[in-house]
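Please read the structure below before turning to the comments.
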Protein chains: 2
Amino acid sequence: MDKARSHDPGRGQPPASLGSATRGGAAVPLAVALNPSAPATLQQQLYSALRSAILEGRLGPGVRLPGTRALAESLDVSRTTVSLVFDQLRAEGYLEGRARSGTFVSDIVPDAHLSVSRRRGARAVSRPVSRQVPRQVPRQMPRDADRARATGVMDAVPQADGSMPQRADISRRGSQLSSLVVTSTPLRGGNGARAFRIGTPALDDFPLQLWGRLLGRCWRRATASQLSYAEPYGALQLREAIAAYVGQARGVRCDPEQVIVVSGAQQAFDLVGRVLLDAGDAAAVEEPGYRGTRAALLAAGATLVPIRVDGDGMDVAALRARPSPPRVACVTPSHQFPLGVTLSAARRLALLDWARESGGWIVEDDFDSEYRFRGRPLPSLQGMTADARVVYVGTFSKTLFPALRLGYLIAPPALVEPFARARAAVDRHPPALEQAVLAEFIAGGHFARHVRRMRALYAERQATLLQLLAGEASEWLEAVPVDAGMHLVAWLREGMDDTRIAQRLLDAGVVASPLRALSVDAIPRGALLLGFAAFDRPTMARALETLCGVLRGETVPVGHRGDAP
Amino acid sequence: MDKARSHDPGRGQPPASLGSATRGGAAVPLAVALNPSAPATLQQQLYSALRSAILEGRLGPGVRLPGTRALAESLDVSRTTVSLVFDQLRAEGYLEGRARSGTFVSDIVPDAHLSVSRRRGARAVSRPVSRQVPRQVPRQMPRDADRARATGVMDAVPQADGSMPQRADISRRGSQLSSLVVTSTPLRGGNGARAFRIGTPALDDFPLQLWGRLLGRCWRRATASQLSYAEPYGALQLREAIAAYVGQARGVRCDPEQVIVVSGAQQAFDLVGRVLLDAGDAAAVEEPGYRGTRAALLAAGATLVPIRVDGDGMDVAALRARPSPPRVACVTPSHQFPLGVTLSAARRLALLDWARESGGWIVEDDFDSEYRFRGRPLPSLQGMTADARVVYVGTFSKTLFPALRLGYLIAPPALVEPFARARAAVDRHPPALEQAVLAEFIAGGHFARHVRRMRALYAERQATLLQLLAGEASEWLEAVPVDAGMHLVAWLREGMDDTRIAQRLLDAGVVASPLRALSVDAIPRGALLLGFAAFDRPTMARALETLCGVLRGETVPVGHRGDAP
């Protein structure tokens, strides 16, 4: 690296000139290390070196730079290169030219920057800029005080001086948002399909090749206008396919114009919270119920009103008895999450009445309705009357695959524009290609066929799991078969702590959501949710062995447990 | 349709029995029209017909149904079919069996439902259920009073009885959200790439085949776990590619761990509003500036503080002079939107100081930084110091294509978890396939190559537009060449109304955003934003002819205009 030149203009001294004539031994070396074989051009390297030197104070305000000819010679680069760099730095305000007296470092670089950035930035200057390797500076950060303050936003770690970090870094809303739990899966690294994880379909049985062919076909057909910005409602072809499907399969009464394509049920709940609720408004949720819905409502600043679920679904009488009616009531009528019960017809009608009388809205999450093993699928609440005050929500995460990120919200005509406009402000519109592929997949009959196949498979897998649970596990677990869905509820013996058991299972590599985590209030008896859709018999048998081991360790004579609820 | 049977059980009369014996002339006909060649099974058809009849009151509470054998005979279906339908309706609570006395319509169907739904539903009953055609009921709705009330949420249209609609249908926040404007393009039907629409890249020059090959390759490699739920941060491979790219091309200092993949810049702004701001907090924005940013901040309940932009970018001194500092300041430093100026180095440093001193956050929207035609691209504000209080936002909508819906937010370490957790609550995570394709596209060098090609093309297209504007249009328009980006600003002669001219142009099929729409406060002089990236010379020439026609019509002697600002 024979082209390296070191300069020390002497920070804090009167303006000095920089150049070969004034170069001296370097206490704070200015390493202008130009490397002709680096990916960055010599011009880029010189620019970076000078700019860093200015920002880090090694070239102080008022320092006079050598002429372009002198600097070019000393660095062995062309004079044009130096001129272009000076022009650039002058354009950006780092340098200024004074008439007849040369080029100087601007006075405007504030001292605060110089002192702060010097410590950190000095190291990076002589490192060649790399095209592929990300810059390493922040990797070092966890070790220093700033990182402690940084993580302190979440964990309230004391700073180096012992004081507590300021809350001011994020808003109160931001703090609350980041404390919300959408799923029991950890955010990092917890996304494999481990038994008995709920909500994961049998992805090994997804028709990958067929979907791939449709992908290729739709992409080849793509026009410039399909690559451009689109309407927030979603692609018309897909909205038509969804309207036809939910009309036929779920008895939903809707026009394609009422369908808004969203990036999954979670975005639908988020839009519901933002469009239908003001901060402080009350929202009724099922107890126990789905945490994703709750997270979205809490994110909107809502106050949750948990309504107990029994064998007939949500206790609508309790909802109607409330003196000030909630603005929305979120329900899973065809297959309650997590208990799997069906909202009775009497309660459905009572719920529709509640909405009409109170001016509230029903949010119908038609959860797992596609996978009904016994009886005819119950039609949707939305379709029971022509003018139901229902926002209907569905997703393709369970019927196709979660990473697709497509779902739908079907709004009453009055709400279509508000929801679509909110979606535009939130993230504009859904991506084009997946929508085209999905529309073809539905219209071609592949969707109905896939759901039928999965329904048979999941029925069989539930039978397998029930059979396995009838063994040793039945000593602790009372499994309730479900008529629909992808998981069942296994009630624990009185006094057993589902949350602790779930944590022990997780440590042992088995996933089983505890019922307690899905309840706002305390629950009388613990239970584990066991997903069966994605797992074959050997996988379930192995996981069950682990489960039994953990349960064996938990068992103590009844009446001797201090921590029972 | 010889199998159709009509029944009138006599609503409001004492319980009557339904069957061939009591069949009579139909004032309110119950059309049990079973069609063996329809896609729905006879069982489904019978179920739908009976359920509709109950819900719509044609079979009132307490009405006794005929026995299964009698009904099967009269409808010419098997007795099993009728039994299954009765079982289903009994399970759903529509029917109830009384010991030894037969099957009756439940008493629980409330009268309110009957009266409301009868009017609408009657028509649909005898129509066979179709598998492909969406149900038509709501298509009729715009014509009736409900639709007037519906659109009234947006437009305050009086209802049929002359009263104004209730606001109660959506929340105050929902009303505000749905009034926000993200783009000047109308939500419906305005998404073609018409000259001189801004923000649309040259999609005809996108490497479709190459992208298609990568799509196929990534899909073939997809595993079950890639189809499953994923982390809210985005795919690590893409985060690494983005970190390497912005480090090299934009001087951003970041680790891949700081990169959060979002569905475009708009989602990044939305997350910024929700995580960094509480309702009522002040947020500084550029004046004039980008409406998408403003929409997201307003959606978060923020109070906008417009800060004037001059030739050196945002007037940071005005920001610092504010007695109570805003919580965030949103800037487009490398290429201000819409004016195209660059934030000077002095102001950049002052802005970084402002953030440090006030504890505020800078949101750096690195708008169109890739397309710089003259000079070296200015490095990002984020990279100027190691611990800059900057949230950096970028998008692939302009460099690749908008319908991709992928962008990125690069957060200081302290904010990564809050942003990722908020994203999880909002819509969980980005879709998998596009992320994999994009990561390969960047890592393979295709991204850099495409941006280089587009940069040359856009420089050429700007030159073409400037040449065209030097003709007749120069009588009214003073076009300012830009050093970077995809549009230029053409200032109108004093007193000309840009908003009205833009509307007239739109009526004539030409898109030109008026500057006034991008300003919170009044502006001294109107201008039109003319996009050039997506249009060849003939297209621009034609659009310019229309533009000149409209401007000619606008011109009146100065001093004689009553409506000039």
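In this text, all values refer to a predicted model and were calculated from it rather than measured experimentally. Protein chains get the first letters and strands the later ones, always in sequence-line order, with residue 1 at the start of each.
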- Query: Side chain, backbone, both or neither: which part of B:A300 has an atom under 4.5 Å from a heavy atom of chain A?
  - Reply: both
- Among A:L180, A:L298, A:L400, A:V426, which has the most heavy-atom pairs under 4.5 Å with chain B? A:V426
- Give the minimum heavy-atom separation between A:A425 and B:Q266, together with the two atoms involved. O-NE2, 2.9 Å
- Task: Flag the one option from A:L215, A:V262, A:V85 with the top tally of heavy-atom pairs under 4.5 Å to chain B.
- Result: A:L215
- Query: Measuring heavy-atom distances to chain B, does A:L404 have an atom under 4.5 Å in its side chain, in its backbone, in both, or in neither?
  - Reply: backbone
- Item | Heavy-atom contact with chain A under 4.5 Å, split by part of B:F419 | neither
- Message: Measuring only between side-chain heavy atoms, which start at C-beta, is A:Q267 closer than 4.5 Å to A:D427?
- Response: yes
- Query: Picking from B:P402, B:G174, B:G216, B:P431, which has the most non-hydrogen pairs under 4.5 angstrom with chain A?
  - Reply: B:P402
- Which bit of B:V275 is near chain A, if near means a heavy-atom gap under 4.5 Å: side chain, backbone, both or neither? both
- Query: Contact part of B:P430 toward chain A, heavy-atom cut-off under 4.5 Å: side chain, backbone, both or neither?
  - Reply: backbone
- Item | Between B:Y233 and B:E417, a side-chain donor and acceptor under 3.5 Å | yes
- Of the non-hydrogen atoms in B:A295 and B:V181, which two are nearest, and what is the gap between them? CB-O, 3.9 Å
- B:D270, B:L227, B:L177: which one forms the most heavy-atom pairs within less than 4.5 Å of chain A? B:L227
- Measure the spacing between NE2 of B:H429 and OG of B:S228 and express it to the nearest 0.5 Å. 7.5 Å
- Of A:Q209, A:E434, A:Q226, A:R220, the largest count of non-hydrogen pairs under 4.5 angstrom with chain B goes to A:E434
- Short N-O contact, B:D278 and B:R327, less than 4.0 angstrom: no
- Geometric class of the B:F401/A:W219 ring pair [parallel <30°, tilted 30-60°, perpendicular >60°]: tilted
